[in-house]
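First the structure, in the form of structure tokens, and then the observations on it.
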Amino acid sequence: MTAPGETTYREAMRAAIREALARDPRVFVMGEDVGRYGGCFAVTLGLLEEFGPERIRDTPLSESAFVGAGIGAALGGTRPIVEIMTVNFSLLALDQIMNNAATLQHMSGGQLHVPLVIRMTTGAGRQLAAQHSHSLEGWYAHIPGIKVLTPATIEDARGMLAPALEDPDPVLIFEHGGLYNTTGPLADPPPVVDIAHAAVRRRGGDITLVTYGGTLPTTIAAADALAARGVDAEVIDLRVLRPLDDATVMASVRRTHRLVIVDEGWRSGSISAEISARVMEQAFFDLDAPVGRVCSAEVPMPYARHLEEAALPSVARIVAAAEEAITANG
Amino acid sequence: MTAPGETTYREAMRAAIREALARDPRVFVMGEDVGRYGGCFAVTLGLLEEFGPERIRDTPLSESAFVGAGIGAALGGTRPIVEIMTVNFSLLALDQIMNNAATLQHMSGGQLHVPLVIRMTTGAGRQLAAQHSHSLEGWYAHIPGIKVLTPATIEDARGMLAPALEDPDPVLIFEHGGLYNTTGPLADPPPVVDIAHAAVRRRGGDITLVTYGGTLPTTIAAADALAARGVDAEVIDLRVLRPLDDATVMASVRRTHRLVIVDEGWRSGSISAEISARVMEQAFFDLDAPVGRVCSAEVPMPYARHLEEAALPSVARIVAAAEEAITANG
Amino acid sequence: MTRVPDPAHGRDLYREMLRIRRFEERCVELYSQTLIRGFLHLYVGEEAVAVGVLATLTGDDNVVATYREHGHALARGIPAGAIMAEMFGKVEGCSGGRGGSMHLFDATARFFGGNAIVGGGLPVAVGLALADRMQDRPAVTACFFGEGAVAEGEFHESLNLAAVWDLPVVFCCENNRYAMGTALERSESDTDLAAKAASYEMPAAVVDGMDVFAVEDAARAAVAAARDGGPQFLELQTYRFRAHSMYDPERYREKSEVDAWRARDPLTLCEQRLRELDAFDDVTRDRFEAEVAAEIDAAIAFAEAGTLEPVADLTRHVYRDTTT
Amino acid sequence: MTRVPDPAHGRDLYREMLRIRRFEERCVELYSQTLIRGFLHLYVGEEAVAVGVLATLTGDDNVVATYREHGHALARGIPAGAIMAEMFGKVEGCSGGRGGSMHLFDATARFFGGNAIVGGGLPVAVGLALADRMQDRPAVTACFFGEGAVAEGEFHESLNLAAVWDLPVVFCCENNRYAMGTALERSESDTDLAAKAASYEMPAAVVDGMDVFAVEDAARAAVAAARDGGPQFLELQTYRFRAHSMYDPERYREKSEVDAWRARDPLTLCEQRLRELDAFDDVTRDRFEAEVAAEIDAAIAFAEAGTLEPVADLTRHVYRDTTT
Ligand SMILES: Cc1ncc(C[n+]2csc(CCOP(=O)(O)OP(=O)(O)O)c2C)c(N)n1
Ligand SMILES: Cc1ncc(C[n+]2csc(CCOP(=O)(O)OP(=O)(O)O)c2C)c(N)n1
Ligand SMILES: [Mg+2]
Ligand SMILES: [Mg+2]
């Protein structure tokens with residue numbers, strides 16, 4: 001249970017969906033077990049009872065068809081919120097996402113728009129092993145034509161859906177499974193947020209730590225640990241992985257001259273590589289040390305707990321990378 | 001027609017497949033239209049007549065099923081060469097590739113191996129528009145558990161298949177559609193090649209150009225153009241995108257101190273970002289200029305020829321990026 | 001034998017098929033002249049399918065087609081000039097030159113492409129129908145695809161989803177017997193495609209796709225049933241007279257088979273039927289030919305006169321332009 | 001009513017089901033103690049399916065299963081200790097601790113997982129059968145999946161491919177009526193699953209999956225037919241008595257429905273049948289319970305005594321280790 005005035009990430013997301021449904025009759029939800037089951041992570045719990053089966057639609061296990069149907073329904077003037085249970089199953093719908101959602105506007109010379117929102121759970125950390133632990137949001141950010149959001153805070157869980165639904169382009173929202181039970185205060189009315197900018201979650205002058213999604217709490221904890229060692233770290237939450245808000249990152253790096261990126265994705269070809277490459281291109285001469293990366297080990301996620309923990313970014317690994325960056329040109 | 005002693009990339013690939021079929025009874029080919037049609041790019045032309053329908057298997061249009069069947073057949077002791085017509089359709093098989101081919105060895109604690117080869121055509125340049133022009137080989141290289149090959153020369157087209165089939169791990173071979181008709185000499189017997197190392201295709205001391213696959217000819221042409229301007233460029237062909245051969249790249253960069261990466265993939269989250277990030281990590285203090293990238297524009301590929309040309313890496317864009325790197329710290 | 005067609009309407013159908021035939025024949029010439037590029041998939045031989053089905057739709061209905069969609073685009077009323085300009089890669093093209101032959105679009109005509117992934121259009125069609133139902137619009141979505149798509153998982157997922165939700169989709173399977181070089185017998189263990197529909201409890205009809213009147217009759221019934229009810233399946237048996245695309249040496253079929261089907265050319269069949277009814281003569285035909293030729297000449301002139309989009313605009317249409 | 005079972009064999013089947021039942025009941029306790037983690041999907045109520053089918057296979061046959069596969073793994077002869085150690089994340093586990101409950105493997109037993117993507121195992125099963133046929137081995141592949149998988153495209157692609165190539169796969173559809181919270185009626189427009197198989201010309205049988213003897217009979221026939229011929233489809237009608245996984249509040253079904261199915265517990269039905277034949281008594285049952293309890297105690301002790309893989313080995317098993 002949450003303390004009075006507090007809410008969970010899950011409840012915040014649910015409140016956002018409920019508000020969207022109440023506000024706009026074009027909005028509806030579809031996906032596997034979003035209705036009678038209450039959502040595989042209970043995000044949509046109670047919505048079927050409130051809004052009925054026309055607007056809270058349980059689908060068969062057919063990821064490609066119901067994501068594609070979301071695209072068609074968006075073309076047809078509705079505002080679908082499609083839930084894919086987890087990112088792991090989204091591979092089955094990737095053709096629809098890359099070849100239709102991301103391209104229809106372009107292929108039609110700008111005539112069509114696909115105002116579709118796709119939500120999915122992402123990430124590891126619960127011993128679900130190799131097929132149920134992918135962190136592919138950074139990988140999805142490779143695709144032009146879609147936007148990729150990674151709400152990491154309760155305010156973003158509450159606030160990002162509304163602008164995503166207003167956006168004429170397809171928007172993918174990745175919710176890290178480890179965040180659903182995080183609690184915190186939420187103002188009433190909840191703050192309005194954008195889906196265009198990164199946010200500085202902690203100010204600091206010695207080094208910049210960039211992260212997003214599930215590793216934000218870990219990175220803040222690492223910043224606290226660094227503070228105890230006399231290192232004042234700035235923490236940037238990317239929030240949006242596509243299009244990337246370079247400016248916020250560069251502004252910080254130009255002040256701190258050092259950067260470590262924390263990313264739950266596999267290292268090679270990760271979004272952290274892209275950020276490192278952009279810093280190389282835009283702020284090379286401001287760097288006092290090479291940009292460091294703390295990513296997941298390049299291994300399908302092992303079930304055994306100690307191995308999974310070792311595979312994921314941790315406070316210890318972030319602190320070590322930050323210290324390496326600080327002493328690099330020593 | 002090819003000159004005497006010359007062969008095409010297509011013929012070299014076909015000769016490699018024919019040799020594999022003749023040498024090892026466990027090898028067979030399956031995919032859409034590999035048999036009676038002769039292969040959508042005529043790579044397998046004539047093989048049905050030579051090896052019969054048991055070993056040259058036309059499949060229904062079912063990318064997920066026949067890629068998955070390739071995985072199963074590999075587990076069952078055969079050595080399948082699965083042809084996916086083009087990378088664009090491979091999205092339909094991505095669940096099988098990422099969740100089965102890449103993970104079975106790991107999930108089984110090393111008991112199983114998936115000695116599967118998947119070949120597919122990749123790339124743009126023939127006005128095939130947004131759904132038929134993807135260059136996703138760099139994107140595939142994000143996935144631990146698979147190997148990614150990009151033969152760019154006739155020798156590699158001829159030579160990479162044999163070690164790929166000998167490899168106990170799943171290997172994806174990306175053949176750029178623009179290369180099939182390139183001609184060149186091929187020694188008899190053809191040279192043995194590995195699938196572990198990058199190759200220096202042109203020696204030079206002023207700047208390193210790294211590329212792979214379809215942009216190798218463009219990059220060599222750019223190196224020639226740079227030579228005419230007095231800049232001596234080294235050209236590295238990555239050949240293998242996963243696992244990446246860092247050492248060859250770093251050795252070159254430590255000599256030339258400047259690097260431009262040429263990559264037909266979309267820029268954000270491309271393999272070129274990964275290389276830039278690795279150079280940042282491993283050779284930062286050797287760099288005299290930030291690493292540059294020449295990638296495809298971040299747009300679904302337009303049909304109109306002039307727009308497609310503008311979207312793709314070109315000699316002019318490579319030369320410009322190289323000159324920028326040379327004058328960067330000027 | 002189908003009902004006796006209305007003479008004037010019958011001539012319209014003939015004329016529409018003729019437009020498509022002549023349009024595509026000119027496309028082949030323009031392709032050899034490299035004025036059209038990329039892939040070009042011809043519909044020659046299959047015209048009765050698009051013409052017959054689309055004759056039964058209203059302007060509020062939706063159409064989803066494949067890469068072999070010149071016929072559908074023309075029959076849906078997209079101007080020939082806009083289609084030709086598209087294949088020339090010009091701004092005046094129906095997709096602004098971004099799509100080409102495989103990606104013809106027209107939002108006003110509710111023509112949702114031109115999808116070049118086999119099976120890729122089916123889920124989209126289901127979604128369009130869902131949007132209509134949810135918004136209480138009486139529209140129907142006609143979704144065209146080849147028999148090769150039946151082997152793709154997306155076909156099954158889409159039929160089931162449409163059936164579970166009882167949506168107004170008419171699934172129009174253009175069974176031209178080959179998917180590139182793969183004959184239906186080698187791609188389906190059971191070549192009775194209506195049986196697949198039946199396994200979703202979806203009403204299905206098998207139709208002579210060379211007889212435009214038969215197609216129209218079957219489509220009219222299916223469209224009416226879908227409009228008031230759930231999804232319908234039509235297997236339209238037809239044949240492609242030409243190669244799969246421009247690069248196909250046709251090793252996979254006998255010339256005699258092609259000839260046998262050519263004997264049932266949908267234009268000839270339609271003309272014969274109309275002549276039996278004294279509703280067609282050489283004068284009519286010559287007039288149609290002349291009108292169609294003039295229309296196509298004008299379309300080519302329009303395409304040639306079209307403009308190339310500035311290269312500076314390359315990255316437009318990726319995200320909605322919020323700057324203007 | 002099925003044939004009269006052989007008493008000794010009937011008791012073996014009962015004992016095998018009891019092993020699975022008691023094993024999983026202990027798993028629940030160990031899960032509450034957090035000794036087992038991740039997802040844990042119980043087979044309680046469905047034991048007759050795995051036991052009946054696997055009784056008809058030889059050691060050269062292949063098995064492909066889902067994330068709900070403890071029963072299949074046990075019935076296939078993977079030692080209980082190796083399975084338990086796997087769920088404890090120990091090196092001694094049947095997947096070396098890398099897989100967990102959803103990914104039990106045993107290459108020697110030709111047990112190819114433990115696949116946690118719904119429908120993901122079917123194409124692999126087709127490929128295993130293809131390899132057997134191409135190498136002239138007389139083996140059959142038994143592929144288990146839930147009725148929820150029938151809506152996935154991979155199901156259809158796989159059935160068709162197996163049928164087109166006439167491969168020895170027995171597709172065993174465990175129809176327990178729910179995919180998580182989605183009842184079959186809401187996921188399939190036509191709930192007659194055998195009709196889907198029929199649309200691929202695949203022989204199909206609908207079987208009482210609570211009656212282990214009925215399952216064994218049907219499986220024996222299907223396995224024999226597949227071994228000499230092509231693919232077969234079995235719809236095994238069963239029910240899961242417990243939640244989908246450990247986190248399921250079961251809002252989607254009535255307790256009365258669960259109770260009605262519990263009245264047809266496969267263990268009870270089997271016991272009754274054997275008692276009718278005077279082939280079972282309390283002494284037998286007590287002995288089985290004691291033996292099974294001892295086996296499971298030993299399995300847990302084995303798992304507890306197992307070792308954790310060194311963290312330094314984290315990235316093993318991604319590519320074949322060529323250094324050793
Ligand atoms: C998913 C996918 N796989 C393969 C292709 C390549 N391809 C293009 S058309 C075609 C044949 C399709 O046959 P069919 O569905 O019968 O339509 P037809 O061309 O006969 O009209 C193939 C295999 C594709 N476009 N998409
Ligand atoms: C492709 C895919 N989509 C969704 C899921 C999440 N999921 C796990 S089990 C399950 C229900 C499957 O039901 P069924 O196939 O009937 O098997 P059962 O669990 O009843 O044995 C779902 C939806 C998944 N694992 N894979
Ligand atoms: Mg066809
Ligand atoms: Mg089920």
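Nothing here was measured: the structure is a model prediction, and the numbers come from that model. A note on names: the letters A, B, ... follow the listed sequences, proteins ahead of strands, and every chain is numbered from 1.
- Note on D:Gly96, D:Gly153, D:Gly120: by heavy-atom pairs under 4.5 Å with chain B, the leading option is D:Gly120.
- With D:Glu157 contributing its side chain and B:Pro60 its backbone, the two residues share no donor-acceptor pair below 3.5 Å.
- Between B:Asn99 atom CG and D:Asn115 atom CG the span is 7.5 Å, to the nearest 0.5 Å.
- Side-chain atoms of B:Gln96 and D:Val124, non-hydrogen and from C-beta on, do get closer than 4.5 Å to each other.
- Within the 4.5 angstrom heavy-atom criterion, only side-chain atoms of B:Phe28, from C-beta onward, approach chain D.
- Between chain D and the options B:Pro25, B:Ser62, B:Pro80, the largest number of non-hydrogen pairs under 4.5 Å is found for B:Ser62.
- The CG atom of B:Leu104 sits 13.5 Å away from atom NE2 of D:His317, with the distance rounded to the nearest 0.5 Å.
- Side chains of D:Glu154 and B:Ser64: a donor-acceptor N/O pair is present below 3.5 angstrom, by distance only.
- With a 4.5 Å cut-off on side-chain heavy atoms, D:Arg98 and B:His106 count as touching.
- Top candidate by heavy-atom pairs under 4.5 Å with chain D, chosen from B:Arg57, B:Glu54, B:Met30, is B:Arg57.
- Listed for the B:Asp169 side chain is a donor-acceptor partner under 3.5 Å among the backbone atoms of D:Arg320.
- Contacts with chain D were tallied for B:Ala69, B:Gly70, B:Pro243, B:Ala74; B:Ala69 has the most, counting heavy-atom pairs under 4.5 Å.
- If you measure heavy-atom distances from B:Leu116 to chain D, you find no contacts under 4.5 Å at all.
- Residue D:Ala131 comes nearest to B:Ala73 through the heavy atom pair CB-O, 3.7 Å, listed as atom of the first residue, atom of the second, then distance.
- Screening B:Gln105, B:Arg242, B:Lys147 for a side chain to side chain donor-acceptor pair (under 3.5 Å) involving D:Tyr319 leaves a single residue, B:Arg242.
- Put simply, of B:Asp167, B:Ile146, B:Leu61, B:Ile71, the one with the most heavy-atom pairs under 4.5 Å next to chain D is B:Ile146.
- Annotation: side chain of B:Thr103 is not in contact with side chain of D:His103 (no heavy-atom distance under 4.5 Å).
- Top candidate by heavy-atom pairs under 4.5 Å with chain B, chosen from D:Val164, D:Val126, D:Leu161, is D:Leu161.
- Proximity to chain B is limited to the backbone of D:Arg316, based on heavy atoms less than 4.5 angstrom apart.
- Put simply, OG on D:Ser95 and CD on B:Gln111 are 6.0 Å apart, with the number rounded to the nearest 0.5 Å.
- For the options D:Ser158, D:Gly127, D:Ala139, D:Ala162, heavy-atom pairs under 4.5 Å to chain B are most numerous at D:Gly127.
- Contact of B:Leu112 with chain D is made through the side chain alone, with heavy-atom distances under 4.5 Å.
- In this structure, the portions of D:Asp106 lying under 4.5 Å from any heavy atom of chain B include both its backbone and its side chain.
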